[in-house]
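Along the sequence shown, residues carry numbers from 1. Because the structure is a prediction, the values reported are computed rather than measured.
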Amino acid sequence: MFTIGDFARYGRVSPRMLRHYDAVGLLHPDRTDPATGYRLYGAAQLARLNRIIALKDLGFTLQQVAAVLDEQVGPEELRGMLRLRRAELEEAMAAAATRLAGVEARLRSIESEGRMPADDVVIKTVPAVRVAELTGTAESYGPHHIGPVIGPLYERLFPLLEGAGVRPAGPGIARYEEAPEGGGAVTVHAGVAVTGPVGPVGDTGVEVVELPAFEAATIVHRGAMDDVLPTAQTLARWLEAHGYRSTGYAREVTLECPPDPGGWVTELQEPVTRA
């Protein structure tokens, strides 16, 4: 028999955790010394402890762990619980990867401060253009929210246009505006230049709209749009230094779009006025 301290050491847990498992009925000691009240455990109980820890690490509650160990959960239900937990872990990993990408982009922005040439910014009049576009809503203007919305929109857009017999006549053009519901949400328009008539494209959900000409401060971003932060902040610093004020979200015009996002070339066109 092992004392609670020895058993905790062999199980790589704390005595406090063993006392809690005893209190909730998950793992009682093999016996309790009647004279001292000390908890004593047998080596055979390590198997149950190992299963408790493994199931807890998978995210199960202690109530669920007890049900599994006491065979109150059948094999099919257990498989379902494990599949659900796997999906939750995959979602958490994807969210963590997105946060990590955001941190890396912010670090690149900090590291590049003051090093990008200011003459990369050009003030020009962007001519009117007709675009066919699909629209969605992103939770915020952050790249981690924009990307999952605009990517699927473009994946749908081009097959729909091809099926409707509408051919692109220019670059992809993404634009943004405040969503009607507010709260920081952004309406995302994923479009491409076309020459067709204004209005809906059949029953595809695609709309052809005429975008008016406007004065813009422009800068070229090279690389994936998830990494656009340093370029956008270079543009912001230039605007302040040269007496301009932004009047809306930057439009994104795709100049080159190879399969590898690292090779993308995108012009940011920010509507401006003199401050």
Side-chain angles (χ1 to χ4, degrees), residues 102 105-106 108-110 112-147 149-150 153-154 157 168-195 198-199 207-257 264-275:
R106 188 72 61 176
R108 284 192 292 272
S109 179
I110 293 171
S112 67
E113 287 176 1
R115 294 211 305 265
M116 295 183 72
D119 58 5
D120 281 352
V121 178
V122 176
I123 298 292
K124 65 182 180 182
T125 298
V126 175
V129 61
R130 188 166 294 185
V131 299
E133 61 184 23
L134 286 173
T135 300
T137 302
E139 185 177 334
S140 78
Y141 192 49
H144 59 293
H145 286 144
I146 295 295
V149 174
I150 199 166
L153 288 177
Y154 269 118
L157 178 64
I173 299 174
R175 61 190 184 94
Y176 310 92
E177 57 190 350
E178 297 288 345
E181 58 265 37
V186 174
T187 299
V188 179
H189 301 275
V192 64
V194 295
T195 57
V198 171
E207 189 82 14
V208 175
V209 298
E210 185 85 19
L211 302 181
F214 67 101
E215 185 178 35
T218 66
I219 188 171
V220 174
H221 170 70
R222 302 179 186 277
M225 292 305 293
D226 285 346
D227 299 328
V228 74
L229 190 63
T231 306
Q233 292 190 354
T234 292
L235 178 57
R237 287 191 289 270
W238 189 95
L239 294 179
E240 182 180 77
H242 291 79
Y244 284 90
R245 176 174 59 84
S246 172
T247 60
Y249 290 97
R251 187 181 294 179
E252 299 163 1
V253 179
T254 302
L255 304 180
E256 297 180 24
C257 189
W264 291 358
V265 180
T266 307
E267 184 178 66
L268 307 185
Q269 301 175 341
E270 183 128 357
V272 295
T273 187
R274 277 290 182 180

About how many Å separate [atom2] of [Y] and [atom1] of [X], when rounded to the nearest 0.5 Å?
{"X": "Glu181", "Y": "Thr137", "atom1": "CD", "atom2": "OG1", "answer": "5.0 Å"}
{"X": "Leu239", "Y": "Arg274", "atom1": "CG", "atom2": "CZ", "answer": "10.5 Å"}
{"X": "Arg222", "Y": "Thr231", "atom1": "CZ", "atom2": "OG1", "answer": "10.0 Å"}
{"X": "His189", "Y": "Tyr176", "atom1": "NE2", "atom2": "OH", "answer": "10.5 Å"}
{"X": "Glu270", "Y": "Arg245", "atom1": "CD", "atom2": "CZ", "answer": "11.5 Å"}
{"X": "Leu134", "Y": "Ile150", "atom1": "CG", "atom2": "CD1", "answer": "10.5 Å"}

Where is the tightest heavy-atom contact between [X] and [Y], given as atom of each residue plus distance?
{"X": "Val126", "Y": "Ala216", "result": "CG2-CB, 3.7 Å"}
{"X": "Val220", "Y": "Val265", "result": "CG1-CG1, 3.6 Å"}
{"X": "Ala217", "Y": "Val121", "result": "CB-CG1, 4.3 Å"}
{"X": "His221", "Y": "Ala224", "result": "NE2-O, 3.0 Å"}
{"X": "Leu157", "Y": "Ala132", "result": "CD2-O, 3.8 Å"}
{"X": "Thr195", "Y": "Ala169", "result": "CG2-CB, 3.6 Å"}

Is there a side-chain contact between [X] and [Y] in this structure, where contact means two heavy atoms from C-beta onward sitting under 4.5 Å apart?
{"X": "Met225", "Y": "Leu268", "answer": "yes"}
{"X": "Trp238", "Y": "Ile123", "answer": "yes"}
{"X": "Tyr249", "Y": "Val186", "answer": "yes"}

Candidates Arg251, Glu215, Arg175, Glu252 - the one meeting side chain to side chain contact (heavy atoms under 4.5 Å, CB included) with Gln269: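 The single option meeting the side chain to side chain contact (heavy atoms under 4.5 Å, CB included) with Gln269 is Arg251.
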Heavy-atom donor-acceptor pair, Thr247 side chain to Pro271 backbone, under 3.5 Å: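 Yes.
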Side-chain (Thr254) to main-chain (Glu256) donor-acceptor, under 3.5 angstrom: no
Glu207 atom CD, over 12 foreign heavy atoms within 6.0 Å: yes
Neighbour count >12 (heavy atoms, 6.0 Å) for atom CD, Glu177: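 Atom CD in Glu177 is crowded, with more than 12 foreign heavy atoms closer than 6.0 Å.
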